Structure formats: structure tokens, C-alpha cells
**Student:** 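Sharing a structure here in C-alpha cells format.
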2 protein chains.
Amino acid sequence: MITNLKNIKTIISSKGVKATFQRIKIMEYLLNNKSHPTVEEIFIALVKQIPTLSKTTIYNTLNLFVEKNIVKTLNFSGVETRYDVVAKSHHHFICKRCRKIYDVNVECNFLCDENKVVNGNQIEEVTGYFKGICKKCLNNDKALN
Amino acid sequence: MITNLKNIKTIISSKGVKATFQRIKIMEYLLNNKSHPTVEEIFIALVKQIPTLSKTTIYNTLNLFVEKNIVKTLNFSGVETRYDVVAKSHHHFICKRCRKIYDVNVECNFLCDENKVVNGNQIEEVTGYFKGICKKCLNNDKALN
DNA sequence: TTTTAAATTTGTAATCATTACAAAGTGAAA
DNA sequence: TTTCACTTTGTAATGATTACAAATTTAAAA
Ligand SMILES: [Mn+2]
Ligand SMILES: [Mn+2]
Ligand SMILES: [Zn+2]
Ligand SMILES: [Zn+2]
């Protein structure tokens with residue numbers, strides 16, 4: 001996926017959102033940092049380039065993107081919300097040790113329940129939250145033995 | 001499942017937690033109200049019986065229960081945390097209209113990844129979050145047509 | 001039973017993510 | 001240029017959760 005200016009503008013404006021400078025920069029950050037960043041992380045990164053940037057703008061923009069189905073939110077622990085550009089449906093793994101969040105691309109058969117009716121309830125969206133210890137932390141454990 | 005006093009005490013103390021009056025009442029509430037209540041809801045219900053009850057005690061108790069693996073938390077939207085007594089592994093459906101949370105008991109094959117290693121990451125716990133419109137709200141829609 | 005120490009509960013203050021709101025800025029149409 | 005809608009910004013407010021210390025309860029020791 002090439003995240004050049006033209007593509008970013010297209011992603012934003014195709015959903016009927018005006019591609020302003022701040023919105024482009026926020027989307028660019030999300031596309032280049034698939035680490036499911038928080039508002040704080042996005043702010044710290046972008047305020048270096050845009051010293052006048054307001055954190056409120058990031059909240060406004062992300063809320064707008066969510067509303068327009070351009071990004072999705074992740075809520076792991078009840079602390080900061082994390083953001084993910086809408087893409088191929090996938091799930092998430094959080095490491096209990098280092099708190100890093102990884103994409104999980106294993107096929108889950110409940111995915112096929114999206115847009116279906118189960119128990120009379122119409123399902124529009126399914127997200128799997130996996131918790132455990134990540135590869136890197138497991139290896140660190142081994143190194144200590 | 002019979003939620004008499006003896007059973008409640010057993011649930012709590014079998015995990016090495018002292019079964020105090022407040023803890024018993026909180027656990028009793030969770031067992032009798034499988035609606036995934038918030039701290040606020042638990043407080044409003046219990047303060048009628050226990051006028052001296054502090055909201056901090058509910059936070060303390062639930063955090064302890066989570067730590068001891070007696071209850072699990074649900075974080076749907078980044079607002080209030082919701083609580084669920086640990087039981088047979090199941091998933092959750094939230095209605096975008098009425099915000100009610102339902103248990104989802106359909107078998108999901110990613111469930112079998114619990115306690116397995118996927119992509120080098122050790123998975124200990126999996127929760128599925130389903131979003132959509134619930135049966136009741138769908139029926140309300142029909143009634144309006 | 002009294003004494004004592006540890007655990008628990010409580011109330012209040014602090015923290016922190018997020019939202020509300022109004023003022024200032026921007027840009028395009030009239 | 002004037003106007004108007006939209007966007008951005010800064011600050012104040014909100015609300016869930018935690019920190020902390022005082023008060024209370026519990027259980028063991030004497
Ligand atoms: Mn992702
Ligand atoms: Mn449940
Ligand atoms: Zn890790
Ligand atoms: Zn509903």
C-alpha cells in the first residue's frame with residue numbers, strides 16, 4: 001500500500017470528508033504506524049511537524065473518521081482508546097507483559113457471522129481480543145534461564 | 001447455579017480471598033445480575049441495602065476479583081468498564097441502538113486457540129466483541145413500519 | 001478477655017482521558 | 001471585499017478510576 005499524498009486524500013474524501021492539512025497528517029500517521037496508536041502518541045509525533053496542532057483536533061478528527069467508517073477504535077483495558085485504519089477485517093493480540101498490540105490474521109469462523117443474524121440479533125461487526133504473552137517476551141524469558 | 005450464601009463464600013474463598021460482607025454482596029449481585037453491570041450500577045443497587053457502602057470498595061473488590069480471576073472485565077467503548085463472573089468461555093454482543101450487552105454462546109473456532117501458541121505468541125484468553133442491532137430493537141423497527 | 005497488628009472499608013482528593021464550548025482562523029462563494 | 005460555513009485551537013468541564021490516609025473490623029497473641 002502506497003501512502004502518498006494523493007492516496008491519503010482519496011481515502012479521506014471518498015467518504016465525504018474534506019481532506020484538510022491536519023486530517024491528512026493524522027491519516028498519514030495512522031497509515032505509517034500500524035501500532036494502533038493512542039491520541040497522545042499521535043499528538044507527540046505530529047506536534048513536532050505542526051507546532052500549533054491541538055490535541056482537540058486529533059480527537060475531533062479521529063471521532064469523525066470513526067463516524068465515517070475510515071478508522072476503528074480498539075478498547076483493550078479501559079484506558080486510552082487506540083486507533084486502526086479500516087482494512088481487511090482482523091483481530092488483535094495484546095501482550096500482558098509489554099502491552100504491545102499485534103494484528104491477528106488467523107481465520108476465525110465467527111468472522112463469517114458478520115452481517116448475519118444470530119439468535120435474532122443482527123451482527124454488523126466482530127472483533128476478537130486475544131490476550132497473552134508475545135513472542136518477544138517469551139524469548140526474553142528463555143534468555144533469562 | 002444456586003447462588004446461596006455458602007456457594008458465594010466458596011467461590012470467593014476458593015481463590016484465596018477473604019469472604020467479607022461487602023465482597024459477598026458484590027459477588028451476589030454479579031451472580032444475580034448477568035447484565036454485565038458497571039460499578040455505578042452495582043453501587044446504586046447495593047447502597048440501598050448497605051447505606052455505608054463506598055464506591056471505592058466496589059472498585060477495590062472488583063479489581064481484586066479480576067486479579068484473582070474471579071471476574072472478567074468487558075471494555076466495549078472506552079467508557080465504563082463492565083464486569084462478568086468468570087464462567088464458561090463466551091463472547092459478547094452489544095446493541096448499537098440500546099447499548100444492552102448480550103452473551104453470545106455460538107462456538108467460534110478461534111476459541112480453541114486459547115492456551116495455544118499462534119505466530120509465536122502464547123494466547124491465554126480470547127474474547128469476541130460483536131456489534132450490531134439486537135432482536136428487540138429490530139422488532140421495534142418492524143413495529144414502526 | 002484484653003491487647004495488638006493486619007486487613008478492610010471508607011471518604012476525599014488527585015489523576016487522566018475525553019468532551020464541551022466558544023473564540024480565532026481559513027477558504028471559497030457571492 | 002464581504003460573508004458564511006467549516007475547521008482548528010485553547011481552556012474549562014466532565015466523569016471514571018486511582019491514590020491515600022483515617023476509621024473500622026477482624027483475627028491472632030498474650
Ligand atoms: Mn490492527
Ligand atoms: Mn457475559
Ligand atoms: Zn510482550
Ligand atoms: Zn437493542
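Each chain gets a letter, A, B and so on, in the order the sequences are listed, and its residues count up from 1. Only heavy atoms go into these numbers, but all of them, side chains included; no hydrogens, no water, no symmetry mates. Predicted, not measured: the structure shown is a model, and the values here were computed from it.
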**Student:** My understanding is that only one of A:K34, A:H92, A:K72 makes a side chain to side chain donor-acceptor pair (under 3.5 Å) with A:D84; could you say which?
**Tutor:**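 Going through the options one by one, the only one that passes is A:H92.
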
**Student:** Sub-3.5 Å donor-acceptor pair from the side chain of B:Y129 to the main-chain atoms of B:N75, do we have one?
**Tutor:** yes

**Student:** Taking atom types as they are modelled, is there a donor-acceptor pair under 3.5 Å from the base of D:dT17 to the side chain of B:T56?
**Tutor:** no

**Student:** Considering just the side-chain nitrogens and oxygens of A:N63, establish if one lies under 4.0 Å of OP1 or OP2 belonging to C:dT19.
**Tutor:** yes

**Student:** Taking all atoms of both residues into account, what is the closest heavy-atom pair of B:C134 and B:Y102, and its distance?
**Tutor:**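 In this case the closest contact between B:C134 and B:Y102 is SG-OH, 3.2 Å.
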
**Student:** A:N75 has an atom CG; how far is it from atom C1' of D:dA16, in whole Å?
**Tutor:**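 Atom CG in A:N75 sits about 14 Å away from atom C1' in D:dA16.
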
**Student:** Checking B:R97 side chain against B:I133 main chain: does a donor-acceptor pair fall under 3.5 Å?
**Tutor:** no

**Student:** What is the distance from CD of A:E80 to C1' of D:dT18, rounded to the nearest Å?
**Tutor:**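 Answer to the nearest Å: 15 Å.
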
**Student:** Among D:dT9, D:dT7, D:dA16, which is the nearest nucleotide to the side chain of A:T52?
**Tutor:**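 Selected nucleotide (nearest to the side chain): D:dT9.
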
**Student:** Please classify the nucleic acid contact of A:T38 as base, sugar-phosphate, or nothing, using heavy-atom distances under 4.0 Å.
**Tutor:**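 No contact.
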
**Student:** Let's see if you can work this out: which of C:dT10, D:dT8, D:dT17 has an atom nearest to the side-chain heavy atoms of B:T81?
**Tutor:** D:dT17

**Student:** Taking any heavy-atom pair under 4.0 Å as a contact, classify B:K18: base, sugar-phosphate, or nothing.
**Tutor:** sugar-phosphate

**Student:** Taking only the side-chain nitrogens and oxygens of B:T57, find out if one of them lies under 4.0 Å from OP1 or OP2 of C:dT10.
**Tutor:** yes

**Student:** Take the protein atom CD1 of A:I42 and the nucleotide atom P of C:dA17, then report the distance between them rounded to whole Å.
**Tutor:**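 Interatomic distance, CD1 of A:I42 to P of C:dA17: 14 Å.
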
**Student:** Quick one: B:I50 CD1 to C:dG11 P, roughly how many Å, whole number?
**Tutor:** 12 Å

**Student:** Closer to the 5' end of DNA chain C via nearest nucleotide, is it B:F21 or A:Y59?
**Tutor:**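 Going by which nucleotide is closer to the 5' end, it is B:F21.
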
**Student:** Does a side-chain N or O from B:Q22 land closer than 4.0 Å to OP1 or OP2 of D:dT25, or not?
**Tutor:**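 Negative; the distance criterion is not met.
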
**Student:** Under a 3.5 Å threshold, yes or no: a donor from one side chain and an acceptor from the other, between B:D103 and B:H91?
**Tutor:** no

**Student:** Whole Å only: how far is the CZ atom of A:F43 from the C1' atom of C:dA17?
**Tutor:** 14 Å

**Student:** Nearest-Å distance, NZ (B:K68) to P (C:dA7)?
**Tutor:** 12 Å

**Student:** What is the distance, to the nearest angstrom, from the NZ atom on A:K55 to the P atom on D:dT11?
**Tutor:**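 Taking atom P of D:dT11 as the reference, NZ of A:K55 is at 13 Å.
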
**Student:** With a cut-off of less than 4.0 Å, is there a side-chain N or O of A:T20 near OP1 or OP2 of D:dT8?
**Tutor:**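 A:T20 to D:dT8 OP1/OP2: side-chain N or O found under 4.0 Å.
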
**Student:** Can you tell me how far P of C:dA17 sits from CG of A:L62, to the nearest Å?
**Tutor:**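 My rounded result for the distance is 15 Å.
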
